[in-house]
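Below: one structure, written as structure tokens.
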Amino acid sequence: MEMLHSILVAPFADMAEAPDFFLQVVWEGLVSGVLYALIALGFVLIYKSSRIFNFAQGIMVVFAALTLVGLHENGVPALLAVPLTLVVMFFLAVGIERVVLRPLVNQPDIILFMATIGITLFLIGLGETIFGGANKIMITEQLGIPTGSWVLEPFGGFVSIEQRDMTAVVGAVLLVIALLLFLNKSKMGRAIRALGDDHQAALSVGISLSTIWVLVWFISGIIALATGIVWGARAGVSFALEVIALKALPVLMLGGLESVTGAIVGGLAIGILEKVFEIYWGQPLLGGNTEAWFAYMLALLVLLVRPQGLFGEKIIERV
Amino acid sequence: MFYRIAGQYKTSYHTDYALFPVKQDAWLLALILLFAFVVFPLTASDFMFRALLIPVLIYALAALGLNILTGYAGQLSLGTGAFMGVGAYACYKLITIFPDLNIIVAIALSGFFSAAAGVAFGLPSLRIKGFYLAIATLAAQFFLLWLFQKWAWLYNYNASGAIQVPNMQLFGVTVAGAQAPVLAQYFFVLIVVCVITMFAVNITRGRIGRTWKAVRDMDIAAELVGINLMKAKLSAFFVSSYIVGIAGALFVFMWRGAAEADLFDIQLSFRVLFIAIIGGLGSILGNYLGALLIVALPVLIGTVPAAFGLPISSAMVEHLNTMIIGALIIGFLIIEPHGLARFWALIREKLIIWPFPH
Amino acid sequence: MNAHPDHESLVASDDGIAKGDLLMDVRNVSLSFGGVKAITDISFDVRKGEIRAIIGPNGAGKTSMLNVINGFYTPQVGTITFRGKERRAMKPHDAVRQGIARTFQNVALFKGMSTLDNIMAGRSVRMNRNIAWQMLWRGPALNEEIEHREKVEEIIDFLEIEHIRRTPVGKLPYGLQKRVELGRALAMEPSLLLLDEPMAGMNLEEKEDMSRFILDVNQQRGTTIALIEHDMGVVMDLSDRVVVLDYGKKIADGPPEEVKNSQAVIDAYLGVPH
Amino acid sequence: MAQAHPLPDTFPKYLLRNAEMFGTRPAMRHKDRGIWQSWTWAEQRDQIRDFALGLTRLGLQKGDKVAIVGANRPRLYWAVCAVQSVGGIPLPVYADAVADELSYVLTHAGVRFAVVQDQEQVDKLQSFIERLTSLAAIIYDEPRGLRDYDKHMLHDFSDVQDMGRRAQSADAQLASRWESDIRNASGEDISIMLYTSGTTGRSKGVMLKAKNAVKAAQDTVAFDKLSETDSVLAYLPLAWVGDHYLNYAQGYVAGFCVACPESAQTVAQDLRELAPTFYFAPPRVFEGLLTSITIRMDDASALKQRIYRHFIDVARKHGEAILEGRKVPATARMSYALGEVLVYGPLKNVLGLSNIRVAYTAGEAIGADLFSFFRALGVNLKQLYGQTEAFLYVTCQKDGQVRSDTVGPPAPNVDIRISQDGEVQFRSPGMFSGYYLEDDKTADAMTPDGYVKTGDAGFFEKDGQLKIIDRAKDVGKLSNGALFAPKYIENMLKFFPNIKEAVAFGNGNDFASAFINIDLQAVGNWAERNNIAYASYQELAGHPLVYKMIAANVEDTNRRLAAEPMMAAAQIKRFLILHKELDADDGELTRTQKVRRAFVAERYAPLIEAVYDGSAEKFVDTEVTYEDGRKGRISATVKIVDTAVFDPAEPMQEAAE
């Protein structure tokens, strides 16, 4: 009985007791949720346009951040380093398309999925060789991102909002809006969506596969850079980031591989629930650090109920 | 060139089902076993055993387990590292609770624990397929890893959170623990791996192997041919995780000597997955070739340039190694998606019809 | 030890139903996919030993009906009585156990395996040596494998595909893939064989071969066949009775000559506006 | 093979001996259901005994004739021995014979029973059943499709065997009586009747006495030291004397294992799986092998081609010498050994010729380079010359004394002489005992003093080996009296891979000319590699580049003819490439693919006229029968080309080598 009470009743009692602390937890969850959503967005964009489950999205975030900081360390002023990094990301996109994707155009999905694992490893190795394995500090100030924090007093309590987190949230929202506009309105956007259904069909209609793929990988490169900056500002730039980026997978599972809205909602949901569970259930009952597996378990449970995720289309087996 | 197929006709189904219908393949295996059981033990240095021979065998065994699940049954798994962990911890707990338990029995039993874990995390495969299934095994990987760290009972509450392998005797020879001679450990691992590989070959060859491949190729058609999908998938998870568990136990007892939780992290899962991919999904031989490549690569990168006089820092070796493996994966997927095993099959085919091209 | 080529093994397992009696009765079956009505209130019966054709223009619900019969889809309304047992929902592999086998409109073979393995997969429902025996291989597991291999070799000989025994099916031309698929279905020794457009995309010679095989299976083995086919010539030659579907409804049922002249069928095929 | 009692003089006697001495060794194999089904000599005896006793139950008496129609199947071979064991006369007939050929042979021989392979043969027989007044029953081997036939005269092979078994269980002594009948049978009985696929007129039934057939087989088994450990693939037509002698007769005498292929299409694959130790193939098969080798090697990578060409040259220089054990320099022996590992071994392996101890070719002349190619690889290929009337062997070459242009010295105990007009005549232990019911034809074929006239022209070379020039009746004279041997010229032309068939004309004319059939496979592959588009055989045959290539071949032939004094005058001045392939269904070839010269000359008379009236081309329209019997017409303008001719004095480069 007492066990049941500590699982079902006690946590909610704590929440009610310290609403401001609860808000702080939710905010922290929201911010990490935004980051998951951004990474998931990169996944969705590539999956939607080329049916490739891009495992390397996580490492691209790290690689972009490393390049930015690396350039800055070698004397490139911060505001110039950003466009330069974008150029690097563009060439990375061209390289990936030419070397990896073009020869594998009609291969089954599992082969393309494994190719992205290959890219992940290659980029880790490349990043470590060029920039060394040590952790780096993100150049937040130089990029003009405010580093102070605001303090609010809701319910008479105390909640501090880091300004850089707020910029991250705002930046992410802007990015998402730009992406949605681009996908639905522009000519290129429609081509990307057409490509997603069937490579050959799109080719036959005259959509040039290689340019679209370069474009798509470049856009997800941009998203990766944005995520890298924001993430680096919070947790410093290191390869450990790559494992955390894996967290985007459950987001995709939850939100469905093809839907942009699914990626955002999924990302935020996981970010918040993960933090709340850790604080109110993880630490008191399970010895903490439940964030390592909570997202995956949650996504797993959802999938058991709806195998195609919250927003994916219903899978009809045709024989 | 070396193959002489003519005249090897089969007069009964028994001979038709022989493991090696062509005797040249049997000689090739005999040669390899001769090297493994005689030549290496006589010539190899301790460094060779510790850095190359034992890890190759253990990784190959783990990749064999994964290959049965992903290569034969088509169920993607990213949780191999964790299941190896379950095998290792189960074995450790067994020998601490029953100190006089024979090590072979301990290792054999520990396989069942990882098999149980495998089946538990395999249940979702009945409803979800393809990439989505990767999430179930990822959940297993992270959850079990967290469990190894948090559940102190697993490592007998010792402060460092690591498990230490005590000295254990088998037929009067210390095979595990600090004083175990590397040669004894090598033979122990070699024999276990050979026995399990033989069982794996027989299983994948027969009815069960066929049902797995049917589920992998087209599960709808498999069901309509009368194959019970649940039994097929769960048996694949069971057998695969059993073998992976054994590999985990060997990993700690016969090679590492000690282990802490984050030894069985996602990186280990990836490593075994690369071995299976580069080696060739859906093959037994591929796992050995893949393991040889992935384990030998860093050793080569470390020693070869040094031999040429330009020493490379150990960190740089690690970085270059990761990069090269990444490049290798991409290269293989382009040249031969079915990995080294198919490479060997093509070479063998060319030798058989030598000097003709087709 | 020779394989004793006994040709009797090809005869379908007797399911206790005399020739001509009722083997399967489909009553008032309706099936819809979220609003889309694939089949509405269709009833027809299949007698033991006959070739029952199911025809109709594209999208008439033929394949969906086949999927209902072998338990792949569960109809919202209506029941199917097969060998006396009435049922609405049934797992596909139970349908197989009761003796229903099928081929697919666009070839559902196991691409990663050879012709022999694909047909042997049809036997798996009858093989049951457990994993322990399989690990040892020599002994009961191998004997069981050989026992079933002999049955499969009968089928390979019957379908004249000895020359592609070890070829991966992915490499076979379309006509041969269809024949391997028929072989796999025969390997299940069904009492009811569902053929989904076995001759689609075949040239004249391949069609003649396939018709010969279907007739042999029906006459020599006594297997009842439900045949979906577009080629009118084939349907009229092969089938004893014909069901005609259109827009998910049954518009005619009877011997080929009678159905051929029925106005409803002609309209359906010539496209009178609905 | 020492044995207590005297040498058996009938094949059933050998069956009993083999069952005793080699009871557990394999006697018969058949690739079926994916594996090689095997029967030991003991099992074969039982199978034959049961069938024989079953046949007697059906009413088979001594001297009755039993037709055997079908491909190489164990049960049909057993039927032959079973019929012989109860004193009947087996009568193998070509499986692909059309209905009216079959009906003539069966009615002429008055067969009482017919053992056939499958439904196809049953239908063929039933189409003219009313003419077979003496036929009592048809027995079929494969039951496929025959289930609902009316079983009044139709029996399944295994049912007849059941009758035999039931009879034995009813009367315990039956089996031993069957064996004692065999032991007391006399060698004088006719053991087999083979209808020759006559190139002229209806085929004749050649009767062979048991003791003659067995004696001939004993001689050649000893000659080539064949034993029970040998093996052979029986893939040539059952009714052909070659198959009956080499596989059936020698099989029983030596006790070796005869293997039947899975089907006609899988012979190459079965040959490779089995790798027999004794092999026979007509020159056409060796031609096909060489063509397929050259085509496949042309597609190989540059490295493989270089290795292949280098070692083939080594083999051409030293191969035969090494095969015959002559002295060869150490370096040559060394590089040949390396060649064995790299090229010859694998090549023989891929073709299934690795285990061959003795191989023969016969039926037509074989090209010198084709013959030496296989001998250089280490295949002990030899030539023999024979006829149905001689139960095959007339001459055969000894190991070590092998030449490509001759057919060897007389076979053991064979006495050969050359008549005034150059015809080869022989007397041999295996000699036939005349044509069935056709004593007049028998008399024509024999000389008054008991020699058999072969109908072939030839002469003995200095080393005692017989050299066949041509069919006696075809050998003619040019208008200036010079010798014109069409077959000799045609063989030379056919040695080129691009030429599949050639027909030479010139008898009574001023010069020799030739009609050529190109080899679609070889020329087609050449066309593909030089990207020459062609839609049909006819279009490729008429292509100017093909004409140029064939012209070069004809010139080569003329150079060789110029080097032989007797043949120099008969060089080919003009030739054309026929617009259609000569085909047995059109009657232009016999069943064993030999040209029916008279028929071709009469059918293409307008073309011959055009050749000799100097016109450059000629429109021709010929009737064609398709596979299923329907008739069609093919017409084309055929170009006629002149070729260079060499005066006999010109030295030949090849000779100088």
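When reading the values below, keep in mind they use all heavy atoms of this one structure, side chains included, and skip hydrogens, waters and symmetry mates. First the proteins, then the strands, lettered A, B, ... as listed; each starts at 1.
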Measure distances from B/Ala200 to the heavy atoms of chain C and classify the residue's part below 4.5 Å as side chain, backbone, both or neither.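 Neither part; nothing is under 4.5 Å.
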Which portion of B/Val201 sits near chain C, non-hydrogen atoms under 4.5 angstrom: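 Contact with chain C involves no heavy atom of B/Val201 at all.
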Max heavy-atom pair count under 4.5 Å with chain B, selected residue of [options]:
options                               : value
C/Val96, C/Ile131, C/Asn118           : C/Val96
C/Val125, C/Asp117, C/Ile100          : C/Asp117
C/Arg138, C/Gln134, C/Arg97, C/Arg184 : C/Gln134

Can you tell me which portion of C/Asn143 sits under 4.5 Å from chain B's heavy atoms? Options are side chain, backbone, both or neither.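 Answer is side chain: those atoms of C/Asn143 sit under 4.5 Å from chain B.
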Is it the backbone or the side chain of C/Arg123 that comes under 4.5 Å from a heavy atom of chain B, or both, or neither?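 Neither the backbone nor the side chain of C/Arg123 comes within 4.5 Å of chain B.
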Closest approach of [X] to [Y] (non-hydrogen atoms, all atoms of both residues):
X        : Y        : value
C/Phe110 : B/Met218 : CE2-O, 3.7 Å
B/Ala221 : C/Ala108 : CB-O, 3.6 Å
C/Ser124 : B/Thr211 : CB-CG2, 3.9 Å

Atom CH2 of residue position B/Trp354 - does it have more than 12 heavy atoms of other residues, nucleotides or ligands inside 6.0 Å?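 Counting other residues, nucleotides and ligands, CH2 of B/Trp354 exceeds 12 neighbours.
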Please report the C-alpha distance between C/Met135 and B/Ile203 in whole Å, then the side-chain angles of each, then the deciding distance to 0.1 Å, and finally whether the side chain to side chain contact (heavy atoms under 4.5 Å, CB included) criterion is met. CA-CA 5 Å; C/Met135 279 158 67; B/Ile203 293 177; 3.4 Å; yes
Measure the shortest side-chain to side-chain distance between B/Ile220 and C/Phe104 over non-hydrogen atoms and say whether it is less than 4.5 angstrom.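 B/Ile220 does not reach C/Phe104 side chain to side chain.
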Side chain to side chain donor-acceptor pair (under 3.5 Å) partner of C/Glu145, the single match among B/Arg210, B/Arg207, B/Arg205: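 Output: one option passes, namely B/Arg210.
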Top contributor to chain C contacts, counting heavy-atom pairs under 4.5 Å, from B/Ala214, B/Gly209, B/Gly206: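 Greatest number of close heavy-atom pairs with chain C: B/Ala214.
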C/Arg102 side chain to B/Leu224 main-chain N or O, any donor-acceptor pair under 3.5 Å?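 Between the backbone of B/Leu224 and the side chain of C/Arg102 there is no qualifying donor-acceptor contact (under 3.5 Å).
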